[in-house]
Amino acid sequence: MAENQEIEKNEAKEVLNFIEQKVVEDLANGKNGGKVQTRFPPEPNGYLHIGHAKAICMDFGIAKKYNGVCNLRFDDTNPVKEDNEYVEAIKEDIKWLGFEWGNVFYASDYFQQLWDLAVTLIKEGKAYVDEQTPEEIAAQKGTPTVAGTESPYRNRPIEENLRLFQEMTDGKIEDGKMVLRAKIDMASSNMHFRDPIIYRIITTHPHHRTGWKWKVYPMYDFAHGQSDYFEGVTHSLCTLEFVPHRPLYDLFIDWLKEGKDLDDNRPRQYEFNKLNLNYTLMSKRNLLTLVKEHVVEDWDDPRMPTICGFRRRGYSPESIHNFINKIGYTTYDALNEFSLLESAVRDDLNKRATRVAAVLDPIKLVITNYPEGKVEELDAINNPEDVNSATHKVEFSRELWIERDDFMEDAPAKFFRLGPGKEVRLKNAYIIKCSENPAECIVKDANGNIVEVHAEFIPETKTGEANCNMKIKGKTIHWVSCAHAIKAEVRLYDRLWKVENPRDELARIKEEKQCEAIDAMHEILNPDSLKVLTNCYVEKYLANSKPLDYLQFQRIGYFTVDKTSTADHLVFNRTVGLKDSWAKEMKK
RNA sequence: UGUCCUAUGGUGUAAUGGUAGCACACCGGUUUUUGGUACCGUUUGACUAGGUUCGAGUCCUAGUAGGACAACCA
């Protein structure tokens, strides 16, 4: 009893990550009037990946848990790269993960406010129009260890700045000829303070929402923090690389408030570590390259680390949540093992996947003492993990397909499947036995390849009947009836990259060979990331399966139906293999 | 030769100055009509050196190692 209480106590003791602890603390102190508001701020220039899922679980999770609101805000300040296609895809992925946003906002909602502030800053002598080339500006920026130098345009008259910025806004200035810069400190140890560019001219691309209205667009750093402020965000959560941006956001808000009431409830930014997964390349830029260069089929290729890729691969949202919960949030730049994600998806799918029979590499098994033409309908449990599981029917007959791997002519001692003199149980059916004499149980073609296996069944061992629990040395193997099974295509996916840390490796190769990203990628791409099997047989029950159904091909792995699957041509994707201690044993 | 951040088993992560736990991975075993699942068990850890303290993984200092920051990207 005392022990049970102790266990309950331990379970009740919830571990809060450092950001949750801050939120709890703020709530306890009555900060922000007890309000919690977060936001998820993607740029609509690509699809969401599992790294975003970590941020989504944080942003939406905090709001949900502490009775707050999480808004979706598209940081759409660069019309050159952004598109509405991505807006819709991002919404779909967030919904699939199971989260609901409060409002949908866009940084472009604030273009006027931001522009007004820019004009105010010019009037206050805090911003100036620079006419130098990007190269000149970059050269003057200095380096992290060497102070920058001031632009010759830094101290031009306010009236002139005002006039030029207006001309930029009116589309009278060519793209790239001028920018608006904040006047801060060219010698700052924080590079972001070295007179950051806050507005640039873009006249050649329409914005996905504002069309051709604007000719000047705010830079991210001038839009992001203020957008949070405009919306009333209380906890502005982001990844570690934005730590040095935080003081800049704070400064802009000070300027916005004209120095008044600076000790306010402004958004407080907290930074956590982003997700790094081994054997996985995460950056949107690189993922875009894979799509554009047709290395993968599309953003939702099941080998992609995108949310839609994992979805098509057969991952459940819950498995992704569980994985994110397990890796946690810290300020340490970690590299997580992919096997942890795989264990999360196996764990979830074990509870929910429907068990079916599929033979991926078929060899014919003839039950020589089973009557020709006879068919029995047997019961197969959908999920043994579920005590209330339904069942479905499977047909048994004289000729079956079994897995080629499940028969060996000369087997090692620990091989408990079929072979001369060996007996196994056919799942949900009978115990069968091969003759001791290889000539009686093996049929070979002219090249010596085994093309058919013969065995006899023991009638009274039918599952559910008196002797069904008869002890035998062999294991239980799966099968499908030749006359009833459906031919199918099965796609076996494996990791896309050969190396554990493709990000670093890619950088190294590019540096060494001075080549393009795509060329470097080809050196570390796993040539076996996709194997298409076209000669597979699945049980008839699968004729009615639908894309994204969670399935377990018994003894093989978890699978789902691909979106390209049709009644005439079934296509299955392998989500993840079952743990295979036999394969491990064989490697020794 | 800057600023900021980080350092706990192989990997990731707990503890909030008081017995270093957990998960994954690994290895071994039990159960099993999935060589799956479940269950049990073994091995494995505080970057280094000082300091504060009755007591330091935790606080301080220095060193070491790693990361972030120099796009008219976000």
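Letters A, B, ... are given to chains in the order of the sequence lines, protein chains preceding strands, and every chain is numbered from 1.
Not counting sequence neighbours, Asp185(A) has no partner by the side-chain hydrogen bond (donor to acceptor under 3.5 Å, both in side chains) test. Considering only residues two or more places apart in sequence or on other chains, Asn383(A) meets the side-chain hydrogen bond (donor to acceptor under 3.5 Å, both in side chains) condition with Arg355(A). For Ser343(A), the side-chain contact (heavy atoms from CB on, under 4.5 Å) partners two or more places apart in sequence, or in a different chain, are Lys326(A), Leu340(A). Every side-chain contact (heavy atoms from CB on, under 4.5 Å) that Gln140(A) has, sequence neighbours left out, goes to Gln132(A), Thr149(A), Ser151(A), Pro152(A), Arg181(A). Residues passing the side-chain hydrogen bond (donor to acceptor under 3.5 Å, both in side chains) test with Thr560(A): none are found, sequence neighbours excluded. Checked against side-chain hydrogen bond (donor to acceptor under 3.5 Å, both in side chains), Asp405(A) has no partners two or more places apart in sequence or in another chain.
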Could you run down nucleotides 57-63 of chain B 5' to 3' and tag each one B, S or - for protein heavy-atom contact under 4.0 Å?
-> -------
Readout for nucleotides 28-35 of chain B: B = base within 4.0 Å of protein heavy atom, S = sugar-phosphate only, - = neither; 5' to 3' it is S---BBBB
Sugar-phosphate means primed atoms, P, OP1 and OP2; the rest is base. With that split, encode nucleotides 68-74 of chain B 5' to 3' as B, S or - using protein heavy atoms under 4.0 Å.
-> SSB-BSB
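C22(B) and U43(B) have their P atoms separated by 13 Å, with the value rounded to a whole Å. Rounded to the nearest Å, the gap between the P atom of G35(B) and that of C69(B) is 49 Å. Spacing of P atoms, A62(B) relative to G2(B), comes out at 14 Å, to the nearest Å. Nucleotides G21(B) and G57(B) place their C1' atoms 13 Å apart, quoted to the nearest Å. One C1' atom belongs to U11(B), the other to G63(B), and the distance between them is 27 Å to the nearest Å. Across C47(B) and A56(B), the matching P atoms stand 15 Å from one another, rounded to whole Å. Taking atom P in both U33(B) and A14(B), one finds a spacing of 41 Å when rounded to whole Å. Taking atom C1' on both nucleotides, G51(B) is separated from G12(B) by 32 Å, rounded to a whole Å.
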Strictly under 3.5 Å: I want the nitrogen or oxygen pairs between protein and nucleotides 8-11 of chain B, one per line.
| from | atom 1 | to | atom 2 | distance (Å) |
| --- | --- | --- | --- | --- |
| G10(B) | N2 | Glu337(A) | OE1 | 3.2 |
| U11(B) | O4' | Glu337(A) | OE2 | 3.0 |
| U11(B) | O3' | Leu335(A) | O | 3.3 |
| U11(B) | O2' | Leu335(A) | O | 3.4 |

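Between the CZ atom of Phe272(A) and the P atom of U13(B) there is a distance of 13 Å, given to the nearest Å. Ile324(A) places its CD1 atom 15 Å from the C1' atom of A23(B), with the value rounded to the nearest Å. In this structure, Asn276(A) places its CG atom 11 Å from P of U13(B), rounding to the nearest Å. Between Arg194(A) atom CZ and U3(B) atom C1' there is a gap of 10 Å when expressed in whole angstrom units. Rounded to whole angstrom, the span from the CG atom of Asp406(A) across to the P atom of G36(B) amounts to 14 Å. Residue Lys54(A) contributes atom NZ, which lies 11 Å from atom P of G12(B) at whole-angstrom precision. Across the protein-nucleic acid pair, Tyr279(A) atom OH and A25(B) atom P stand 15 Å apart, rounded to whole Å. Taking atom CD on Glu342(A) and atom P on G36(B), their separation rounds to 16 Å, with Å as the unit.
Not one side-chain nitrogen or oxygen of Asn17(A) sits closer than 4.0 Å to the OP1 or OP2 atom of A14(B). Phosphate contact (OP1/OP2 of C5(B), side-chain N/O of Thr331(A), threshold under 4.0 Å): absent.
Contact check on Arg268(A) versus Asp26(A) returns no salt bridge, with no Lys/Arg side-chain nitrogen under 4.0 Å from an Asp/Glu carboxylate oxygen.
Each of Leu16(A) and Lys584(A) was matched to the nucleotide of RNA chain B holding its nearest heavy atom; the match closer to the 5' end belongs to Leu16(A).
The environment of CZ in Arg285(A) is sparse: at most 12 heavy-atom neighbours from other residues, nucleotides or ligands sit within 6.0 Å. Heavy-atom contacts from other residues, nucleotides or ligands closer than 6.0 Å to CD of Glu376(A) number more than 12.
Under a 3.5 Å cut-off, the side chain of Gln269(A) and the backbone N or O of Phe242(A) do form a donor-acceptor pair. Using a distance-only test at 3.5 Å, with no hydrogens or angles considered, no donor-acceptor pair links the side chain of Glu377(A) to the main chain of Lys393(A).
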May I have the step-by-step check of salt bridge (charged side-chain N to carboxylate O under 4.0 Å, His left out) for Arg209(A) and Asp109(A), ending in yes or no?
-> CA-CA 9 Å; Arg209(A) 293 188 72 241; Asp109(A) 293 339; 3.0 Å; yes
Give the intermediate values and the outcome of salt bridge (charged side-chain N to carboxylate O under 4.0 Å, His left out) for residues Glu231(A) and Arg39(A).
-> CA-CA 9 Å; Glu231(A) 290 169 8; Arg39(A) 98 275 91 124; over 6 Å; no
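Here the options are Asp175(A), Thr203(A), Ile201(A), the test is side chain to side chain contact (heavy atoms under 4.5 Å, CB included), and the partner is Met168(A); only Ile201(A) passes.
Counting only residues at least two apart or on different chains, the salt bridge (Lys or Arg N to Asp or Glu O under 4.0 Å) pairs with a member in residues 195-208 of chain A are Arg154(A)-Asp195(A).
Looking at RNA chain B, the stems built from 3 or more consecutive Watson-Crick or G-U wobble pairs, each pair with its key distances under 3.5 Å, are B:2-7 with B:64-69, B:10-13 with B:21-24, B:27-30 with B:38-41, B:47-51 with B:59-63.
Scanning both residues, Pro42(A) and Leu48(A), for their nearest heavy atoms gives CB-CD1, 4.3 Å. Shown here for Asn273(A) and Leu240(A), the closest heavy-atom pair between the two residues is CA-CD2, 3.6 Å. Nearest approach of Phe18(A) to Glu271(A), heavy atoms of both residues: CZ-O, 3.2 Å.
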